[in-house]
Amino acid sequence: MGQPEQRAEGAGPFTTRRLWHRPEGGTVVWESRPARRRGVLSVRGPGDTVARSARADDEALGRLRRLNAVASAAFVVGGGLFALGAAVAQFGSGEAVASASVYFAGGLFFNLGGYTSLLQVLNAPRHSPGGARLVTAGWRWWGYEPMRLDWLSAFVLFAGTLVFGVNLLDSFLQGLTTQQLNRLVWTPDVVGCVLFLVSGHLAFAEVCHRPRPCLRSRSLGWWVVAVNQLGSVLFMVSALAAFTRPATGSLINSGIANWGTLCGALCFSAGGVLQAFERP
């Protein structure tokens with residue numbers, strides 16, 4: 001029996017979808033996000049008009065459910081704490097330490113969510129040669145796979161949460177000059193926002209199978225990516241408004257900075273809620 005014909009699609013050098021035409025008829029379709037989030041392949045037999053889902057084994061599905069639960073909960077809680085920190089900064093007593101403490105706690109949950117997202121990629125089932133089934137490998141705590149778009153997106157996201165951690169730690173420092181504030185607090189904030197935006201763009205490329213964003217309103221995965229990317233945009237708006245003017249020592253606009261953080265954080269919480277349903 002001959003080998004199945006194969007067609008690959010994706011963004012640039014990255015493959016995010018493979019389609020196999022079996023010699024006996026029928027097709028098998030592997031897509032990066034459904035395979036690693038839900039553990040499924042799309043299979044259509046000879047003469048079938050409706051595709052069915054071929055699932056990974058029970059061990060892999062249980063692993064995916066546990067990782068997804070941790071990641072989604074971490075982003076829900078982390079986003080909620082960031083929103084609370086912004087509310088304290090906007091409506092509270094004005095003490096910087098109070099909001100910084102809440103932000104720092106939220107940042108720890110974002111770290112957890114970012115790392116767990118990377119674990120989801122590393123420990124997801126892979127397609128076998130010919131696309132016959134999904135294969136589960138051994139558990140990994142770390143891996144380097146830069147030619148996988150899902151790995152690159154998750155890695156950049158995790159790196160962004162770590163850079164935010166630098167910003168959150170430095171925000172506890174007292175007696176900083178304007179130049180020190182912008183270098184130690186503002187710059188890591190902007191870098192973290194850029195990394196979040198890059199991660200979101202890569203996630204769009206994975207969902208859309210092309211470099212440009214697309215509209216797929218019937219796809220839960222698309223909505224998770226879109227809501228999180230909106231949060232990243234609002235975080236960037238907040239960061240730009242939080243620049244300290246050297247001439248006056250005041251922020252460009254503290255209201256925009258606080259409201260941008262609050263609304264962006266709520267987007268990440270909403271994304272975490274949606275992600276909870278994107279599971280096997």
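The structure presented is a predicted model; accordingly, all values stated were derived computationally and were not measured.
Across every non-hydrogen atom of Thr136 and Pro125, the tightest pair is OG1-CB, 4.2 Å. Residues Cys214 and Phe204 share a closest heavy-atom pair of O-CE2, 4.4 Å. The minimum heavy-atom distance linking Ala98 with Val88 is given by the pair CB-CG1, 4.2 Å. Across all their heavy atoms, Val225 and Gly200 have their closest contact at CG1-O, 3.9 Å. The minimum heavy-atom distance between Asp170 and Leu176, with the atom names listed, is O-CD1, 4.3 Å. When every heavy atom of Ala257 is checked against every heavy atom of Ser238, the shortest pair comes out as O-OG, 2.5 Å.
Contact check for Leu118 versus Trp151: side-chain heavy atoms found under the 4.5 Å cut-off. Side-chain contact between Phe109 and Phe75 is absent, with no heavy atoms from C-beta onward closer than 4.5 Å.
Between the side chains of His209 and Glu31, at least one donor N or O sits under 3.5 Å from an acceptor N or O. Looking at Glu206 and Ser32, their side chains do bring a donor and an acceptor atom within 3.5 Å of each other.
Shown here is Phe172, whose CZ atom has more than 12 heavy atoms of other residues, nucleotides or ligands within 6.0 Å. The number of heavy atoms from other shown groups lying within 6.0 Å of CH2 (Trp142) is above 12. Heavy-atom contacts from other residues, nucleotides or ligands closer than 6.0 Å to OH of Tyr103 number more than 12. Trp223 CH2: 12 or fewer foreign heavy atoms inside a 6.0 Å radius. Residue Tyr115 places its OH atom among more than 12 non-hydrogen atoms of other residues, nucleotides or ligands, all under 6.0 Å distant.
Separation of the Phe82 and Phe104 ring centroids does not fall under the 6.0 Å cut-off.
Once rounded to the nearest 0.5 Å, the distance linking CZ of Phe14 with CZ of Arg148 reads 11.5 Å. Taking CZ of Arg279 as the reference point, atom CG of Leu64 lies at 12.0 Å (rounded to 0.5 Å). Note: Leu157 CG to Thr116 OG1 = 10.5 Å, rounded to the nearest 0.5 Å. We find the CZ-CG distance between Phe235 and Leu262 to be 9.5 Å, quoted to the nearest 0.5 Å. From Arg17, atom CZ reaches atom SG of Cys208 across 10.0 Å, with rounding to the nearest 0.5 Å. Once rounded to the nearest 0.5 Å, the distance linking CZ of Phe110 with OG of Ser117 reads 11.0 Å.
In terms of modelled atom types and a separation under 3.5 Å, the side chain of Gln90 and the main chain of Ala87 share no donor-acceptor contact. Of the possible polar contacts, none joining the Thr178 side chain to the Pro246 backbone as a donor-acceptor pair under 3.5 Å is found. For the pair Trp259 (side chain) and Ser254 (backbone), a donor-acceptor distance under 3.5 Å is absent. Arg38 places no side-chain N or O within donor-acceptor distance of the main-chain N or O of Val40, the cut-off being under 3.5 Å. A donor-acceptor contact shorter than 3.5 Å is absent between the side chain of Thr244 and the backbone of Asn182. Distance alone, capped at 3.5 Å, places no donor-acceptor pair between the Ser72 side chain and the Gln275 backbone. Using a distance-only test at 3.5 Å, with no hydrogens or angles considered, a donor-acceptor pair links the side chain of Ser171 to the main chain of Leu168. Of the possible donor and acceptor atoms, none in the side chain of Asn253 sits under 3.5 Å from a partner among the backbone N and O of Ala241. Of the possible donor and acceptor atoms, one in the side chain of Ser101 sits under 3.5 Å from a partner among the backbone N and O of Val97. With hydrogens and angles ignored, the 3.5 Å screen pairs a side-chain donor or acceptor of Arg63 with a backbone N or O of Asn123.
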- Message: Between Leu119 and Trp139, is the side-chain contact (heavy atoms from CB on, under 4.5 Å) condition met? List the steps.
- Response: CA-CA 9 Å; Leu119 289 178; Trp139 178 267; 4.2 Å; yes
- Message: Working note: Trp222 + Leu215, criterion side-chain contact (heavy atoms from CB on, under 4.5 Å); need CA distance, chi angles, decisive distance, verdict.
- Response: CA-CA 8 Å; Trp222 183 91; Leu215 177 62; 3.6 Å; yes
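Grouping the Ile, Leu, Val, Met, Phe, Trp and Tyr side chains by contacts below 4.5 angstrom, directly or via other members, places Leu169 apart from Leu173. Tracing side-chain contacts under 4.5 Å through hydrophobic residues (I, L, V, M, F, W, Y), one never reaches Val233 starting from Val207; they form parts of separate clusters. Both Phe243 and Leu197 are members of a single hydrophobic cluster when ILVMFWY side chains are connected at heavy-atom separations under 4.5 Å. Both Trp186 and Val194 belong to a single network of hydrophobic side chains, linked directly or stepwise wherever heavy atoms of I, L, V, M, F, W or Y lie under 4.5 Å apart. Under the 4.5 Å side-chain heavy-atom criterion for Ile, Leu, Val, Met, Phe, Trp and Tyr, Phe196 and Val227 are members of distinct hydrophobic clusters.
Of the candidates Leu184, Val191, Val185, Thr187 forms a side-chain contact (heavy atoms from CB on, under 4.5 Å) with just one, namely Val191.
Between Asp150 and Arg33 no salt bridge is recorded (no basic side-chain N to carboxylate O distance below 4.0 Å).
Scored by the salt bridge (Lys or Arg N to Asp or Glu O under 4.0 Å) test, Arg37 finds Glu278 as partners (sequence neighbours excluded). Every residue meeting the side-chain contact (heavy atoms from CB on, under 4.5 Å) condition with Asp189, not counting sequence neighbours, appears here in chain and number order: Phe164, Asn167, Cys193, Ala239. Listed by chain and number, the residues in a side-chain contact (heavy atoms from CB on, under 4.5 Å) with Leu234 are Leu230, Cys263, Cys267 (sequence neighbours excluded).
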